[in-house]
Each structure stands twice: as C-alpha cells, then as structure tokens.
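These numbers come from a predicted model, not from an experiment. The first residue in the sequence is number 1, and the count goes up from there.
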Amino acid sequence: MSEEPPATPSWLSPGPTAWASGGGVPTDNVSVPATFPAEESLAPRQLPLLINPWDVVLCTSGTLIACENALVVLVIWQNPALRAPMFLLIGSLALADLLAGLGLVLHFTCAYLLQSDSAQLLTVGLVVASFSASVFSLLAITIDRYLSLYYALTYNSERTAAFTYTMLVLLWGLSLCLGLLPVTGVNCLAEEATCSVVRPLTKNNIAVLSVSFLLLFGLMLQLYVQICKIVMRHAHQIALQHHFLTASPHYVTTRKGVSTLAIILGTFAACWMPFTVYSLIADYTYPPLYTYATLVPATYNSVINPVIYAFRNQEIQKALWLVCCGCIPASVAQRARTPSDV
C-alpha cells in the first residue's frame, strides 16, 4: 500500500503542489509514491493539488474577520455622531482587521489558484501591513484611553483631535512601509536558507516585527497599569465621600473596569505572544505544524477585537440597533457609562 504524500503548507513553500515538484522544505527522506506518474508526464493542470486543512482554517478565520469588522466600519462610517477621536481609533482598528481578513482570503485564493510568487508577495505584504496596523491601532486606543483619564478636563479639545489624526497617519504610514518590504525585495524567494517560519518573509524581517511587537506590548502594559492606578484613585476618592469603601457601587464598577482591562491585555498577549516568541527562535526547517498552531491564534485576536472595543460600546450598540431593526431597546438607551467601559 502506498502512503499519501503530505500537503505542503502554502505559507511555508513555493506553492501547495511543491511536494510534487521537489520545492519547499527539503524532503530527503520522503519518496514520491509510485501511484503518481513522473512530473514530466503531467501537464501543469494535471499535477496533484492537495489543500492543506490549516490553510482552510486561516481562510475561514479571514472570512469571519472580514465580515465582522466590515459591520463595524460600516456603522462608524454611516453615523455622523461617531466622529470623536475614540471612534476614529476604533474604526482604524476595524479597518485594519478587515484588510487582514481579506488578506488571508486572498492569500489562500492566490496560493491554490494563481500559484504566483508576485501574488504571494502582494498578499503577504497586505497581511503584514494589516496586522501591523491592527496592533498599532490597539496601542493608539490605549494611549487615547490613558489621555482621556489623565487629562479629563481638557480631553475634548481640538488638540486631542489633531493628536488623534497624527497617530492615525503615523501608524498607517509605518504599517504600509512594513507591508511593502516583501514586495520591494526584502524576501527569501531567491535564497530559501534566509526564510523565516512564514515564507516569503526573511528571518531578519520577522525578527524586527516580533521585537517591535514585544516593545509595543510592554508599552501597552505600562499604560494599562497607569490607567488602573488613575481609575482606582478616583474610585477611592468617591468611595470615601460615601463612607462605604467596600460597599460603594463605584468601587464595584471600578473593580469590574480593572478586570476588563486585564482581560483586554491578557487576550492580546494570549493571541500574539506564542507566534511572536516562536518566530524569534524558529526558522523554515521547523515543522510547519508549529507555525500554524501559533499563527491561527494570532488571527483570532482580530475576531475578538470588535467584541471588546466596538460591540461593547454604548454608542455603537445604539447605531447597530438602528441599522438592524430601526429602534433602540430601552435597556441600551438608558444604560449609563461606567468604569468598566474603559
């Protein structure tokens, strides 16, 4: 009985049919089954095409990400009331995740249909730029939340709007530069030995991305610690005025807010940290399973972002209800903003 040849992952090899042509990861100990004729006797369209199930998972995740974040972008774009700096940053995050989802779907399509190095470079560049913009937008949202608490009296000013637009221009400009690197020649197509765990990114390229992520995560952690201190200090002052520290509603909602911040940061780290650490220590010779096992959870962060940053927001909830059914439930209209909404 002849054993089936493994499907070569499209993210780690020249193409999904590389096992038939001898490309991609070295296969010194793998023999081509006799049930398949020699490559010379097959026309290009007759070459066996196996779809890697991990690529299907990434494509499915990309579709979900695109649909979910497209709804957020549409609501913010069509509602003139959602033009405050906070909503602009949430819209930037949703747009970045939307493009990332489209990039995953396009990469799957190009890998199994076009099988072109140029198409692969473009789609990988789109994915890198989009996920970079997503992470940068998360940092921008964190900075905005810190400033809204630290400068509470002067937050709603023209200076805040100008600062927000500056952050948006910088984060998208930097993300675009990172995404253009593979297209402009910083790739491993010419020399496989320089490939990282994600082809066609080089080891140096992905190392820069990973170190940048760790620095951004450290900055976000520091900002969230400062946010917790400010919120707890304000809650303590309010509770002392009521003379009931442990029983005060403000104390309860503040603890809920701090827990929410911990969930936000913990979710972000759980999704991205495994892939970040793995991409620093591994290279293209490592088993593809490890790459997919760390890359798929990273994409889930873009699935969770709308739930954390958009769908929990009272104003966006109202806009969604108006779009879906033309009315706003009383429970949503009358809900007051609490520290847990930070």
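Between Tyr286 and Tyr278, the ring-plane angle classifies as perpendicular under the 30° and 60° cut-offs.
Under the 3.5 Å distance criterion, with hydrogens and angles disregarded, no donor-acceptor pair is assigned to the side chains of Tyr292 and Asn52. Using modelled atom types and a 3.5 Å distance limit, the side chains of Ser210 and Ser279 yield a donor-acceptor pair.
Leu89 is connected to Tyr165 through a chain of hydrophobic side-chain contacts under 4.5 Å among Ile, Leu, Val, Met, Phe, Trp and Tyr, so both are in one cluster. By the rule that hydrophobic residues join a cluster once side-chain heavy atoms approach within less than 4.5 Å of another member, Phe136 and Met167 end up as members of one cluster. No single ILVMFWY cluster, assembled from side-chain heavy atoms under 4.5 Å apart, contains both Met86 and Leu170. Under the 4.5 Å side-chain contact rule for hydrophobic residues, Val208 and Leu139 do not share a cluster.
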Where do Trp77 and Leu82 land on the side-chain contact (heavy atoms from CB on, under 4.5 Å) test, with the steps shown first?
-> CA-CA 8 Å; Trp77 178 266; Leu82 303 179; over 6 Å; no
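Among the candidates Pro182, Cys110, Ser118, the single residue satisfying the side-chain contact (heavy atoms from CB on, under 4.5 Å) test with Thr123 is Cys110. Results of the side chain to side chain donor-acceptor pair (under 3.5 Å) test with Trp172 over Ser92, Ser137, Ser132 single out Ser92 as the only residue that passes.
The closest donor-acceptor contact from the side chain of Ser134 to the backbone of Ser130 lies at 3.5 Å or more, if one exists at all. In this structure, Arg199 contributes its side chain and Leu189 its backbone to no donor-acceptor pair below 3.5 Å. A donor-acceptor contact shorter than 3.5 Å links the side chain of Ser175 to the backbone of Ala133. The backbone N or O of Leu201 lies less than 3.5 Å from a partner atom in the side chain of Ser196, making a donor-acceptor pair. Checking side-chain atoms of Asp144 against main-chain N and O of Ala140 turns up no donor-acceptor pair under 3.5 Å. Looking at Asn69, its side chain does come within 3.5 Å of a backbone N or O of Ile65 through a donor-acceptor pair.
At least one side-chain heavy atom of Ile51 sits less than 4.5 Å from a side-chain heavy atom of Phe108. Side-chain contact between Tyr309 and Ile264 is present, with heavy atoms from C-beta onward closer than 4.5 Å. Looking at Thr299 and Val303, their side chains never come closer than 4.5 Å, going by heavy atoms from C-beta outward. At least one side-chain heavy atom of Arg145 sits less than 4.5 Å from a side-chain heavy atom of Tyr224. Put simply, the side chain of Gln120 reaches to within 4.5 Å of the side chain of Asp117, judged on heavy atoms. No side-chain heavy atom of Val296 sits less than 4.5 Å from a side-chain heavy atom of Phe275. A 4.5 Å side-chain heavy-atom check between Thr160 and Leu147 finds every atom pair outside the cut-off.
Summarising the geometry of Val105 relative to Gly62, their closest heavy-atom pair is CG2-C, 3.8 Å, with the distance given to 0.1 Å. Heavy-atom minimum distance, Leu102 versus Ala66: CD2-CB, 4.1 Å.
To the nearest 0.5 Å, the span separating CG on Asn301 from CG on Leu138 amounts to 6.0 Å. The line from CG of Asn204 to SG of Cys188 is 11.0 Å long, rounded to the nearest 0.5 Å.
Taking the centre of each ring, Tyr146 and Tyr150 come in below the 6.0 Å mark. Taking the centre of each ring, Trp272 and Phe131 come in below the 6.0 Å mark.
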